[in-house]
> 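Here you go, one structure.
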Protein chains: 2
Amino acid sequence: MKPTLQTVADAVGVSRSTVSNAYSRPDQLSPALREKIHEAARRLGYPGPDPTARSLRRGRVGAIGVLFTSALSYAFTDPYAVQFLRGIAETAERHGSGLLLVPLSESEEEAGIQAVRNAAVDGFCVYCVPAWHGALDVTRSRGLPTVAAERPAEVGPETMYVGIDEVAAARTVGGHLARLGHRRVAVVSDFLVAQRRTGPVSVADPAEIRYDVTRERLRGFAEGLAEGGVGWSDLLLCNAGTNSRAEGARAAEYALDRVDRPTAVLAVTDLLALGVLDALAARGLRPGRDVSVTGFDDIPEATAAGLTTIRQPAVEKGAIAGRLLLEPPEDPAARQVLLPTDLVVRASTGPVERK
Amino acid sequence: MKPTLQTVADAVGVSRSTVSNAYSRPDQLSPALREKIHEAARRLGYPGPDPTARSLRRGRVGAIGVLFTSALSYAFTDPYAVQFLRGIAETAERHGSGLLLVPLSESEEEAGIQAVRNAAVDGFCVYCVPAWHGALDVTRSRGLPTVAAERPAEVGPETMYVGIDEVAAARTVGGHLARLGHRRVAVVSDFLVAQRRTGPVSVADPAEIRYDVTRERLRGFAEGLAEGGVGWSDLLLCNAGTNSRAEGARAAEYALDRVDRPTAVLAVTDLLALGVLDALAARGLRPGRDVSVTGFDDIPEATAAGLTTIRQPAVEKGAIAGRLLLEPPEDPAARQVLLPTDLVVRASTGPVERK
DNA sequence: TAGCCCTTCTGGATCGATACAGTACGCCGG
DNA sequence: CCGGCGTACTGTATCGATCCAGAAGGGCTA
């Protein structure tokens, strides 16, 4: 049998409570006895209070849960996600909390929901989970503090989030390209439609896009491009099955292989944009000359690739998310954070070539 | 008051056990009653059985803990670590388990030890934690299944690990350089000495190096280089404060700025090697021509950088570690896994230039 | 020496669920 | 009409700790 508090208590000849105090409130007993207890614990191989039992009684776990849409394993393939995680991790670490990564595979929604039900945590951070995912209802009903990693569509006074002004940021991208003279424009994005298919899709109105971030960014793209007289219906929309480099390349093919090839391809994330660049390279097209390409997020790789993109402070975003959970500010207004963004112009965008 | 099983039971007019069964063993009650219970739960806002209480009673948590030496936040900066994590994550996900990242800051060992004590998990994966770290004693005393991400110095019949033959792999690196004619050789590595300082250090014998992986790799380097008559004492050892690109560059400076500049720099990880390349670039030195550089791990960036390195299957390593924890093989021999490695020769190594 | 406080330790209640043995009841064959 | 069996549900013990009101004992003041 594994030793418990009681085992140690019996060995020393004190009560269970006293042993408990030896661990959790060392000031409540004499140093001599405390030492005697620790010594006995060592001898018996007692590893200290059982975390599960302790959590049950205390009502605090010492871990925060991070929900990812995509299969947990994807989380680590997107550098932007990794940076965000790093930010949360730093904060959690300072608080002595762990980070519980909760898998939310999309194919089996029920499994993800179960995972959220079973997650022993003190709060949730919701990262890139579409608003309609059932797991969100569970986080809500569990009544734990929850922070979203982007501004949700509906914001109540209790809602906590840390995000950016997606529309405004995307608008600067659109405007930048409009001013460069781009009129034939394609957009590469995931979540344009409900299905996970790769290829051109038609969407009558951005409002039809269900995934918040995608919708806002596309809206912003369109608003910016309107400066050059490009309307929503002029956009060539290419859906990517997932947010990955390979899918970015595949989705871009449908645009690049047209006879009326677009002069610019706007990707909704850097990862997709890198894929678009791959597709260009495979066709011998020069980014910024033959076709302009933009991304979103400014991941480290974007610098090397010379990608024009929107910079947002990913690590800081994570850190703030962690802080909102672990030391929630009194002031409700401070629980809703919008971070600044910048358009970073690099070589992947340039003026339309005159023919 | 938050609703519990009892609340729901009272509302429906059945016993607590029955409600519990409705969630955990749906086959134990009639469909009609089950639906009635779920309906009542929904009405009352009962989110399902409390994970903590359930874990206590069941004795199973549904999460595995991953221990990192370096501050949790570093974990995400090393692509190799990220890949390993991805491998574990995939396995965990399939088992419906979460992944609890446990911070082990090195500056405050006690904090890390507490974190391990408090971690509510079913098993531990120990990743790059030096053998002398106090947290390892705690994992042992907790009596949970534990798998190491490298072969430990002492292997008992119960020990589980998934690693590579570090010495043999490093030997191929040393041999490769020896055959290219390199005789003046520097090594860039973290953990060469106990202190976290950056710069040249002297170590009389590899056996003095406390950190297992570092010791084995250096031993291997030396064995391989011996083929060219290079002895241990001929090696110029440069310690890096951490396993990071920046420290790799800083440590390399001490070697590169000498009058008798080494013709080859062996780094103990790819991340450090990339830093060495940075240092070369800053001095206008050509990798593979003026100075040969090698890494270890074959992270994705190594390909682009043209780095000669040792490939080891990082994702698979993680996946196996996860499998050892979640579905431990009957056969004890199968609990100790050594994966194959390859020397990948790229442009960063070349023959010594004749003067 | 009585009265009081303070420190140190105790015991029982409690956190919220699950395990398991047991009860009630309906149905079947003989 | 009875024993036997399977299904549907109940009740109590239990997981391993923490909380909190209170007891014991020692020292200090009046």
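Nothing here was measured: the structure is a model prediction, and the numbers come from that model. Residue numbers begin at 1 in each chain, while the letters A, B, ... track the order of the sequences.
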> With sequence neighbours left out, write down each residue that passes side chain to side chain donor-acceptor pair (under 3.5 Å) with B:S30, or none if nothing qualifies.
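Checked B:S30 against side chain to side chain donor-acceptor pair (under 3.5 Å); zero matches.
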> With axes from five pairs an end, tell me the bend angle of the helix from C:dT1-D:dA30 to C:dG30-D:dC1, nearest 10°.
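One end axis against the other gives 40°.
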> Would the distance check show the side chain of B:T91 and the main-chain N or O of B:A319 forming a donor-acceptor pair, the cut-off being under 3.5 Å?
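Side chain of B:T91 to backbone of B:A319: a pair is present.
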> Using a strict 4.0 Å threshold on nitrogen-to-oxygen distance, state whether A:R42 and A:E35 make a salt bridge.
yes
> Identify the pairs formed between an N or O of the protein and an N or O of nucleotides 22-25 of chain C at a distance under 3.5 Å, and give each distance.
none

> Quick check: does any side chain N or O of B:R117 sit under 3.5 Å from a backbone N or O of A:P47, one acting as donor and the other as acceptor?
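Pair found, side chain donor or acceptor close to backbone of A:P47.
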> Please identify each residue that fulfils side chain to side chain donor-acceptor pair (under 3.5 Å) with A:S20, with sequence neighbours left out.
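Once residues adjacent in sequence are excluded, A:S20 has no partner under the side chain to side chain donor-acceptor pair (under 3.5 Å) criterion.
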> Taking the side chain as every heavy atom from C-beta outward, state whether A:L5 and A:Y46 have any atom pair closer than 4.5 Å.
yes
> May I ask you to list the residues of residues 46-65 of chain A, by number, that have any heavy atom positioned under 4.0 Å from an atom of DNA chain C?
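Per residue number, the list reads A:L56, A:R57.
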> List in chain and number order the residues that pass side chain to side chain donor-acceptor pair (under 3.5 Å) with A:E327, two or more places apart in sequence or in another chain; answer none if no residue qualifies.
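Per chain and number, A:E327 pairs via side chain to side chain donor-acceptor pair (under 3.5 Å) with A:H95.
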> Find the distance B:L5:CG to C:dT18:C1' and express it as a whole number of Å.
9 Å
> Taking C-beta and beyond as the side chain, do B:L325 and B:F124 meet within less than 4.5 Å on heavy atoms?
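The answer is no, as the side chains (C-beta and beyond) never meet within the 4.5 Å cut-off.
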> Going 5' to 3' on DNA chain D, which nucleotide is the first and which the last to come under 4.0 Å of a heavy atom in chain A?
D:dG16 to D:dC19
> Starting at NZ of B:K2 and ending at C1' of C:dA17, how long is that distance when rounded to a whole Å?
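These atoms are roughly 13 Å apart.
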> Return the residues of residues 28-40 of chain A meeting this criterion: a heavy atom under 4.0 Å from some atom of DNA chain D. Order them by number, or give none.
none
> A:L29 and A:I37: which non-hydrogen atoms are nearest, and at how many Å?
CD1-CD1, 4.0 Å
> What residues in residues 10-22 of chain B put a non-hydrogen atom under 4.0 Å from any atom of DNA chain D?
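DNA chain D contact set from residues 10-22 of chain B: B:V14, B:S15, B:R16, B:S17, B:T18.
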> Can you give me the closest heavy-atom contact between A:A92 and A:L326, atom names plus distance?
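Scanning both residues, the minimum pair turns out to be CA-CD1, 3.9 Å.
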> Give a yes or no on whether the backbone of A:G134 and the side-chain of A:E109 come within a donor-acceptor separation of less than 3.5 Å.
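Pair found, side chain donor or acceptor close to backbone of A:G134.
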> Would you say B:R16 and B:T4 make side-chain contact, with heavy atoms under 4.5 Å?
no
> So is A:R34 actually on top of A:Y23's ring, under 6.0 Å and inside 45° of the axis?
no
> Determine, for B:R94 against B:E90, whether the closest basic-nitrogen to carboxylate-oxygen distance falls under 4.0 angstrom.
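No, this pair does not count.
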> Would you jot down, in residue-number order, the residues of residues 111-120 of chain A having a non-hydrogen atom under 4.0 Å from DNA chain C?
none
> Can you list every side chain to side chain donor-acceptor pair (under 3.5 Å) pair that touches residues 133-143 of chain A, not counting sequence neighbours?
A:D137-A:R140
> Locate the shortest heavy-atom distance separating B:A115 from B:V102; write the atom from each residue and the value.
CB-CG1, 3.7 Å
> Suppose we screen for side chain to side chain donor-acceptor pair (under 3.5 Å). Which residues come up paired with A:Y127, at least two apart in sequence or across chains?
none
> Taking C-beta and beyond as the side chain, do B:I64 and B:C125 meet within less than 4.5 Å on heavy atoms?
no
> Given B:L85, which partner from the list B:L101, B:V315, B:D78 fulfils the side-chain contact (heavy atoms from CB on, under 4.5 Å) test?
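Going through B:L101, B:V315, B:D78 one by one, the side-chain contact (heavy atoms from CB on, under 4.5 Å) with B:L85 is satisfied by B:L101 alone.
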> Keeping B:D122 on the side-chain end and B:V61 on the backbone end, is there a donor-acceptor pair under 3.5 Å?
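Checked: pair present.
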